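Some notes on the structure that comes next.
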Amino acid sequence: MENRSKDFLRRIVEEDLKTGKYKEIITRFPPEPNGFPHIGHAKSISINFGIAKDYQGRCNLRMDDTNPTTEDTQYVEALKDAVEWLGFKWDKEVRYTSDYFSKLYEYAVKLIKMGKAYVDSLPEEQMREYRGTVTQAGKRSKYANRSVEENLELLEKMKNGEFKEGEHVLRAKIDMASPNMKMRDPLLYRIKHAHHFRAGDEWSIYPMYDFAHCLSDYIEGVTHSICTLEFENNREIYDWVLDTLELEPPRPYQHEFARLNINYTVMSKRKLLELVEKKIVSGWDDPRLPTIAGLRRRGYTPESILNFCEQIGVAKANSVVDVAQLEFAIRDDLNPKVPRVMCVLDPLKVTITNYEGSEELDASYYPHDVAKEGSRKVPFSKEIYIERDDFMENPTKGYYRLTPEQPVRLKHAYIIRCKEIIKDKQGNVVEIKAEYYPNSKSGSDTSGIKVRSAIQWVEANEAKKIEVRLYDRLYNKEAPEGIEDINPNSLKVVKNALIEPAVITQKPDVRFQFERHGYFFADPVEYSDDTPIFNRIVPLKDSWAKKKKATKSTPKPQPKKVQIDGEVAPMTKEQEALFAKYTKELKLNSEVANTLARDAQLSSFYEEALTTYSSPVNIANLVTNEVARELKSKSVDELKFKPKDIANLIKMVDDETISTKIAKQVFEEMSKSGQEPQQIVESRGLVQISDPAVLLPIIDEVMAKNPKNVEKFRAGNSKLFGFFVGEVLKATKGKGNPKMVNELIKKRLF
Ligand code: ATP
Ligand code: MG
């Protein structure tokens, strides 16, 4: 914990421990069991369980089961699985809001007795009408005057199922003129004649989220109730319920963070359910889904998901994370660990005419890391298969693999040369006759023959047939709306791939790199000895980034990297030193550090930015993404912005003046106009106005323009409050911070 910069939630927790507000930290993960959990839930899980773990506290797993019609035990199981698979332990038994139904009911009775809740019987439509609008105060129902006795009797009858659905509701008596619509006498209970998967038919009323959640937290002794930003406006009810009931302290407090959104992905259980129900995917665990079950089946590791959650961080502003970052996380996790093996997806036969007999070649599983031990025997004979596109009869410029003129190395084996091309009637290449160089064996090559690459291959008789499933993004659009944006090519099944025999005899649950194809995982559901099936977890490189770049203007030629079978050239001593500094001292992730260390222009730009303002991780991200992109088509001198501008831009993100999303927008503007970031943010008005010094004159002006309304308000017409808020927000063109505006108007009017 010491070195890692702490997120705002951990800072709050530490403060609360320091001041003695709580003795022990208790958090909870409170999903509704109405669908399988997804990677967004993983973020919430890693925050809630992670904080409990970091501060020796406890975290509860609570099923928020207050909506009997959509909930199911299969989802409860999926949620438990997900938490366990990610490596966390919940405190004691799994908890259920439904376990508290009786207690919650008692609290409702107490509120009625305090005159703070009433049974309302307005028809739904009227109730909506009475609620008012953002700019107009609501009106209280006549039923709010019911006596305590009448309310108690009605609630009891509601509970016993004596009324139809919608006939009555229980509401809190708060404030029909509140600027926060949620505070306008919110519903606490509604009638629902539904069977509950745990409570059975005992209840004909079910509590609403705003009533059940805060009290469940309190009952469990939760200290920090961490939720996503959509619940910001619910915080006021959360506090109202707990404070009004005058509960024995300590009580929990709600804190909000930004939910995780990922591009090319949908993340709502409702939308995921639609994909499952319409059979667009094979089930909740389809490897293309962002569900934990899907990611797990695809081959993602728990570590990669937790690392991803940590890398994206905890913020208070919503943003969209690039799915490439998730893919990076799994590559980063697997790259050092997994064995490399050879698989041919689209086999082309090669007969080596001058080779006789057979042999077994010793091949390291970890050719990328000489220090790592582990190898297998790879059978070799005169009949082998190579990848169809590793041969080209009429090669394009820059093609480094097998051609009629160009020899190639068979990885771990010999160098071969093409002697003859055999074609079918249609002119398709069906076989290559080749010759090998006996003294070119990998590891003891004395042939002196130069090749430009090494390719994978399998021996024809010993190779095993496997099915390979190649996945692409499920959606074509960055911000998919629905089924219309589905990518029709998100799954490609290769039925007759060939793999070296050693792979098949492995235990299940092992991940491999198939050389030059990516990382693969034996499908845990459908794999069998008869039909071994492998899922591609992720390709070796981000092919989408390439596709996107290809459509942009042609980049300036880059210095060539020596590229042999997918491995990049080794770093120089200086680069290695930089890389070590970036990862160890500045805590950059290895991909970002790698990009910077290998690029002298970028790293000197980066270091200069740090001298203006030190936020190593955030500045590095912007430099390696946005700045690097600019440098593809420009030189450093041509850039319209300077390192200090980038530093100042990030500073505004860090101090929450602007969101990361806005930061990208500002960056685009900076690179076009050369204006300073602060100037852009101010002139384009991208900042929220929270400053009383700016807001108060506007409020005074609105009051001066409407003297009659001020008079009426002061004479007791409280409905006019909403009018003033509306006018002031209008005058700020919507940029006023509504909470601040509310507070300031209160001060001025009273
Ligand atoms: P969805 O909108 O996907 O159906 P939800 O918010 O309705 O999700 P819940 O089961 O109510 O799902 O969520 C359980 C917990 O997970 C809540 O605390 C919620 O805030 C959190 N959570 C849900 N989605 C995300 C997300 N995308 N990023 C971070 N946390 C999330
Ligand atoms: Mg929900």
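In each ligand, atom 1 is the first atom listed, and ligand 1 is the first ligand listed. Treat the numbers as computed from the prediction; the structure is a model and nothing was measured.
- Note that the CG atom of Leu729 and the CG atom of Asn742 stand 8.0 Å from one another [nearest 0.5 Å].
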Criterion side-chain contact (heavy atoms from CB on, under 4.5 Å) on Met63 and Val94, from CA distance to verdict
CA-CA 8 Å; Met63 301 297 155; Val94 175; 4.0 Å; yes
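- Ion pairing of Asp217 with Arg62 is present here, as a side-chain N (NZ or NE/NH1/NH2) and a carboxylate O approach within less than 4.0 Å.
- For the pair Glu230 and ligand 1, no heavy-atom separation below 4.0 Å is found.
- A salt bridge links Arg235 with Glu256: at least one charged nitrogen is closer than 4.0 Å to a carboxylate oxygen.
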Passes ring-ring contact (aromatic ring centres under 6.0 Å, His included), His196 versus Phe101? Steps please.
CA-CA 12 Å; His196 188 281; Phe101 279 174; 5.7 Å; yes
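- Near Phe257, with a cut-off below 4.0 Å to any heavy atom, the atoms of ligand 1 are 29 (C), 30 (N).
- Closest to atom 2 (O) of ligand 1 by heavy atom, among Arg259, Arg270, His41, is Arg259.
- For ligand 1, none of its N or O atoms has an N or O atom of Pro30 under 3.5 Å away.
- The shortest N/O to N/O separation between Asn34 and ligand 1 does not fall below 3.5 Å.
- The backbone N or O of Tyr105 lies less than 3.5 Å from a partner atom in the side chain of Tyr189, making a donor-acceptor pair.
- Remark: ligand 1 atoms within the under-4.0 Å shell around heavy atoms of Thr228 are 19 (C), 20 (O), 29 (C), 30 (N), 31 (C).
- Here's the thing with Phe231: none of its N/O atoms is less than 3.5 angstrom from an N/O atom of ligand 1.
- Geometrically, ligand 1 and His38 share a nitrogen or oxygen pair separated by less than 3.5 Å.
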